[in-house]
Amino acid sequence: MAETLFTGISQLVTPAPGPQRGPAMRELTVVPDAALLVRDGLVSWVGPRRDAPAAAHLHDFGSVAVVPGLTDPHTHAVWAGDRLADFEARVEGVPYETILARGGGIRSTMRATAAADEAELVQLALPRLRALAVSGATTIEVKSGYGLDFGAEIRMLRAVRALQPIISVTLVATLLIHVPPQTGRTDYVQSVCGELIPQVAREGLAEAVDVFCEREAFGVDETRAILAAARQHGLAVKLHADQFHAVGGTELACEVGALSVDHLEASGEAQVAALASSSTIATVLPGVTLHLGLPAAPARKLVDAGACVAVGTDLNPGSSPLFSAGLALALAVRLCGLTPAEALTAATANAAAALGLNDRGALVPGQRADFLALHSADWRDLAYALGANPVRDVWVGGQHFKEHSR
């Protein structure tokens, strides 16, 4: 039986386990001068150091704050090529439609990704995932969606599966139905439902199916059909919605009980009300606001209305080249109006719940021993620091990340 007592914890700070809604997102437990007992990869005991039980092994952090490991519930970490020319053109004022006409934009990423084999995709994604892990992410969702053709989508998902034994954080794969082809979209949707989703389910390549429901992507009826096919094959469902226009995707997510609906930059009062009365988690992605200059998702209104809010990086080459889960948390405070306590809950317990995971995100007995030791004695540095990484040590299942990543 592996057993370690962690001491030297100036503050142990945790939300309650499971999804937290509205005012509950601010209700953190703060234990000063704390200790944490980990047994066989799970939290066994938490409390004041003076009450700590004996343990076979001791580890002294030297008086720093400890918080749960972060979950990044929304990334596109597997891609090939780059969008640097797009970035330069956009900041010079070139419209996105012109960038697309020149052969850039998302379809340039799709061409490069479709041309890469599985080994190359693994090699490209690994340093991105390591950057997220070092920033505090102990669970990371990874989407496909840059393949368009089914062979490329399958290669992306197989790359995620190949990455899992290489990196000790948890990877959660999602099949993303991202953009339709330029011709034959009806046949494409039918093939997604009748061929791609069944193959992904049969091979166990993804936990969920996500659809981009947007004016320039898939409509509500198309999205509904794809989500129904996912459910028929035992896969959870998620949506990208309201990034540029509110076209009904958020309402659909709430109607079908999707795990989460992500983006929400264009959400209004109707969408906030729908999420507040739904079990669907609202995932905000402040990296997009920072990089594209879009309005921020209305996280403050969502929390005040009683919704369950999560935060993610949306790491991708085009709209959010954000390689830090900790920085996403900090940006959610500055751009989306969350308090530090709400942002911590959004990036831990709620972000895990957005992936259907209720066994992590809180430091209470029975939860996975995924946690972070900060450089600071005050946990609020996690939301405060910009530029420097406030995370000193990452522990996954009670094991030190640096020691156990191969």
For A305 and V272, work out which heavy atoms get closest and say how close.
CB-CG1, 3.8 Å

If we only count heavy atoms from C-beta on, is the L363 to L12 side-chain gap below 4.5 Å?
yes

Output for pair (L121 CG, L157 CG), nearest 0.5 Å, gives 10.5 Å

Answer whether the closest heavy-atom distance between the side chains of R107 and L148 falls below 4.5 Å.
yes

Between H74 and the options T283, D314, T313, T174, the side chain to side chain donor-acceptor pair (under 3.5 Å) test singles out D314

Over 60° means perpendicular and under 30° means parallel, so tell me whether W395 and F6 are parallel, tilted or perpendicular.
perpendicular

L292 versus G318, closest heavy-atom pair with distance
CD2-O, 4.3 Å

Just wondering, are more than 12 heavy atoms of other shown residues or ligands nearer than 6.0 Å to CZ in F87?
no

Might you work through the side-chain contact (heavy atoms from CB on, under 4.5 Å) test for V134 and F401, ending with a clear yes or no?
CA-CA 8 Å; V134 169; F401 171 74; 4.1 Å; yes

Smallest heavy-atom separation, T289 atom then A296 atom, equals OG1-CA, 3.4 Å

So does W379 get a backbone contact from the side chain of Q11, meaning a donor-acceptor N/O pair under 3.5 Å?
yes

The test is side-chain contact (heavy atoms from CB on, under 4.5 Å); show your working for V247 and C213 and say whether it passes.
CA-CA 8 Å; V247 298; C213 185; 4.2 Å; yes

Donor-acceptor contact below 3.5 Å, side chain R392 vs main chain V64
no

Could you tell me whether the side chain of D33 and the main chain of R49 form a donor-acceptor pair under 3.5 Å?
no

Just checking, any donor-acceptor pair under 3.5 angstrom between side chains of S260 and D262?
yes

Short question: side chain of R334, backbone of Y384 - any donor-acceptor pair under 3.5 Å?
yes

Can a donor-acceptor pair be found, under 3.5 Å and without considering hydrogens, that links the side chain of S135 to the backbone of S324?
no

Quick one: are V200 and E153 in side-chain contact, heavy atoms under 4.5 Å?
no

If you look at every heavy atom in L227 and V209, which pair is closest and at what distance?
CD2-O, 4.2 Å

CG (L5) and CG (L58) are apart, to the nearest 0.5 Å, by 5.5 Å

Applying side-chain contact (heavy atoms from CB on, under 4.5 Å) to T223 and L252, what does each step give before you reach the verdict?
CA-CA 9 Å; T223 301; L252 176 62; 3.7 Å; yes

Candidate pair R300 and D304, rule salt bridge (charged side-chain N to carboxylate O under 4.0 Å, His left out), full reasoning
CA-CA 6 Å; R300 177 75 269 140; D304 291 344; 3.0 Å; yes

If we check side-chain contact (heavy atoms from CB on, under 4.5 Å) with F371, which of these qualifies: V38, T348, V396, D393?
V38

Walk me through it: do R26 and E342 pass the test salt bridge (charged side-chain N to carboxylate O under 4.0 Å, His left out)?
CA-CA 5 Å; R26 294 192 289 274; E342 290 165 345; 2.6 Å; yes

Intermediate values then yes/no, side-chain hydrogen bond (donor to acceptor under 3.5 Å, both in side chains), H245 and E214:
CA-CA 7 Å; H245 309 95; E214 183 56 76; 3.0 Å; yes

Check: E265 and F244 side chains under 4.5 Å, non-hydrogen atoms
no

So, D40 side chain and A2 main chain: donor-acceptor pair closer than 3.5 Å or not?
yes

Where is the tightest heavy-atom contact between C336 and P286, given as atom of each residue plus distance?
SG-CB, 4.0 Å

Taking R130 for the side chain and I167 for the main chain, is one N or O donor matched with an acceptor at less than 3.5 Å?
no

How about CD on E118, more than 12 heavy atoms from neighbouring residues, nucleotides or ligands closer than 6.0 Å, or not?
yes

Given side chains that start at C-beta, do those of L386 and L327 come closer than 4.5 Å, heavy atoms only?
yes

Value for CG (L275) from SG (C308), rounded to nearest 0.5 Å, stands at 10.0 Å

Measure from the side-chain N and O atoms of D359 to the backbone N and O of Q367, and report whether any donor-acceptor pair falls under 3.5 Å.
no

Does some side-chain heavy atom of V179 sit less than 4.5 Å from a side-chain heavy atom of M110?
yes

Candidate pair V364 and V43, rule side-chain contact (heavy atoms from CB on, under 4.5 Å), full reasoning:
CA-CA 6 Å; V364 298; V43 176; 5.8 Å; no

Could you grab the distance from atom CD of Q20 to atom CD1 of I281, nearest 0.5 Å is fine?
10.0 Å

Quick one: CD on Q271 to SG on C254, what's the gap to the nearest 0.5 Å?
9.0 Å

Backbone N/O of G306 and side chain of R21: donor-acceptor pair under 3.5 Å
yes

Can you tell me how the ring of H240 sits relative to the ring of H178, calling it parallel under 30°, perpendicular over 60° and tilted otherwise?
tilted

Output yes when a side-chain donor or acceptor of R155 lies under 3.5 Å from a complementary backbone atom of A114, and no otherwise.
yes

Where A133 and V169 come nearest, the two heavy atoms and their spacing:
CB-CG1, 3.8 Å

Within the structure provided, determine whether I106 and R83 are in side-chain contact (heavy-atom separation under 4.5 Å).
yes

For E203, does the CD atom sit with more than 12 other heavy atoms under 6.0 Å from it, leaving out its own atoms?
yes

When rounded to the nearest 0.5 angstrom, what distance separates CD1 in I197 from OG in S191?
11.0 Å

In the structure I gave you, are the side-chain heavy atoms of T14 and V46 within less than 4.5 Å of one another anywhere?
no

